[in-house]
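Everything below concerns the one structure shown next.
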Amino acid sequence: QVQLMESGGGSEQVGRSLRLSCVASGFTDRDYYMAWFRQAPGKEREGVACIAADGTTNYADSVEGRFTISLDKAANTLYLQIKNLQPEDTALFYCAAQRRSPYNSYWHCSRASSNFRFWGQGTQVTVSS
């Protein structure tokens, strides 16, 4: 059973940086793609970045240039580096993982929450001005 555990959230001021971590366990192989989502109060969950099995990344337009997703395969840890924090980054951040379908390429990843089976519990990020 795949388990995901996020950490690294906290309270920061506008303009600062933060790195979120997500330790994964239970993978039987590395044929997964992973993603970070965020959910602000009163808003729908938003996929902000994903990374494919081959390392290809994809970002939401709203975070392009400020967020960087990366995966340390040796440590089974997914990261999300957030630069220049903004008040709209205040949200609960989740990591998610999904086994790649044989119908998808190795460079495929998704930012749609409906495509993910495995989820972490979330880590809160609060940005103040």
Side-chain angles (χ1 to χ4, degrees):
Q1 178 75 2
V2 173
Q3 292 186 321
L4 305 171
M5 178 73 72
E6 303 95 336
S7 63
S11 297
E12 279 293 351
Q13 293 185 323
V14 167
R16 302 292 295 270
S17 297
L18 206 60
R19 188 176 77 161
L20 306 182
S21 301
C22 170
V23 178
S25 62
F27 287 153
T28 56
D29 54 42
R30 302 199 182 278
D31 205 2
Y32 284 78
Y33 58 87
M34 300 184 73
W36 283 99
F37 292 80
R38 67 182 178 186
Q39 187 164 20
K43 294 190 176 182
E44 292 188 358
R45 191 171 296 189
E46 175 192 20
V48 296
C50 67
I51 186 164
D54 74 341
T56 301
T57 58
N58 182 271
Y59 296 91
D61 290 343
S62 58
V63 305
E64 184 83 53
R66 291 197 304 117
F67 286 23
T68 303
I69 187 172
S70 61
L71 177 64
D72 182 338
K73 292 183 178 181
N76 285 332
T77 303
L78 181 73
Y79 298 102
L80 185 69
Q81 180 73 42
I82 307 174
K83 299 187 302 184
N84 189 21
L85 282 160
Q86 299 297 311
E88 57 265 32
D89 296 327
T90 295
L92 190 59
F93 280 75
Y94 300 89
C95 68
Q98 178 61 38
R99 174 175 287 280
R100 184 186 64 86
S101 162
Y103 302 103
N104 295 136
S105 58
Y106 281 97
W107 55 87
H108 169 82
C109 70
S110 171
R111 291 185 287 105
S113 59
S114 59
N115 287 339
F116 288 86
R117 176 181 176 187
F118 303 106
W119 292 85
Q121 295 299 306
T123 185
Q124 177 68 39
V125 172
T126 302
V127 183
S128 59
S129 56

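The first residue of the sequence shown is numbered 1, and numbering continues consecutively from there.
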For [X] versus [Y], what's the shortest heavy-atom pair and its separation?
X    : Y    : answer
I69  : Y59  : N-OH, 2.9 Å
R111 : N58  : NE-OD1, 2.7 Å
A60  : G47  : CB-O, 3.7 Å
S110 : C50  : O-CB, 3.2 Å
R38  : V63  : NH2-CG1, 3.8 Å
R100 : S105 : CD-O, 3.3 Å

#### Entry: Whether F37 and W119 hold their rings parallel, tilted or perpendicular, with breakpoints at 30° and 60°
tilted
Could you give the distance from [atom1] ([X]) to [atom2] ([Y]), rounded to the nearest 0.5 Å?
X    : Y   : atom1 : atom2 : value
S17  : L85 : OG    : CG    : 6.5 Å
T57  : E64 : OG1   : CD    : 8.0 Å
L18  : F67 : CG    : CZ    : 9.5 Å
Q3   : F27 : CD    : CZ    : 11.0 Å
N104 : Q98 : CG    : CD    : 9.5 Å

Beyond-backbone contact of [X] with [Y], side-chain heavy atoms, under 4.5 angstrom:
X    : Y    : value
Y106 : D31  : yes
D72  : Y79  : yes
R66  : D89  : yes
Y94  : T123 : no
L78  : I51  : yes
M34  : L4   : yes
I82  : R19  : no
Q124 : T90  : yes

Give a yes or no answer on whether the side chain of [X] reaches the backbone of [Y] with a donor-acceptor pair at less than 3.5 Å.
X   : Y    : answer
Q39 : E46  : no
Q13 : S128 : no
E6  : C95  : yes
Y32 : A52  : no

### Query
Is the number of heavy atoms from other residues, nucleotides or ligands within 6.0 Å of CD (E88) greater than 12?
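Correct, the count exceeds 12.
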### Task
Dump the intermediate steps for side chain to side chain contact (heavy atoms under 4.5 Å, CB included) on T28 and R99, then the final yes or no.
CA-CA 10 Å; T28 56; R99 174 175 287 280; 2.9 Å; yes
### Task
Go through the steps to decide whether N115 and Y33 satisfy the test side chain to side chain contact (heavy atoms under 4.5 Å, CB included), and finish with yes or no.
CA-CA 10 Å; N115 287 339; Y33 58 87; 3.9 Å; yes
May I ask whether [X] and [Y] are part of the same hydrophobic cluster, defined by side-chain heavy atoms of I, L, V, M, F, W, Y residues being less than 4.5 angstrom apart, directly or through others?
X    : Y    : value
W36  : V125 : yes
F116 : F93  : no
V14  : L20  : yes

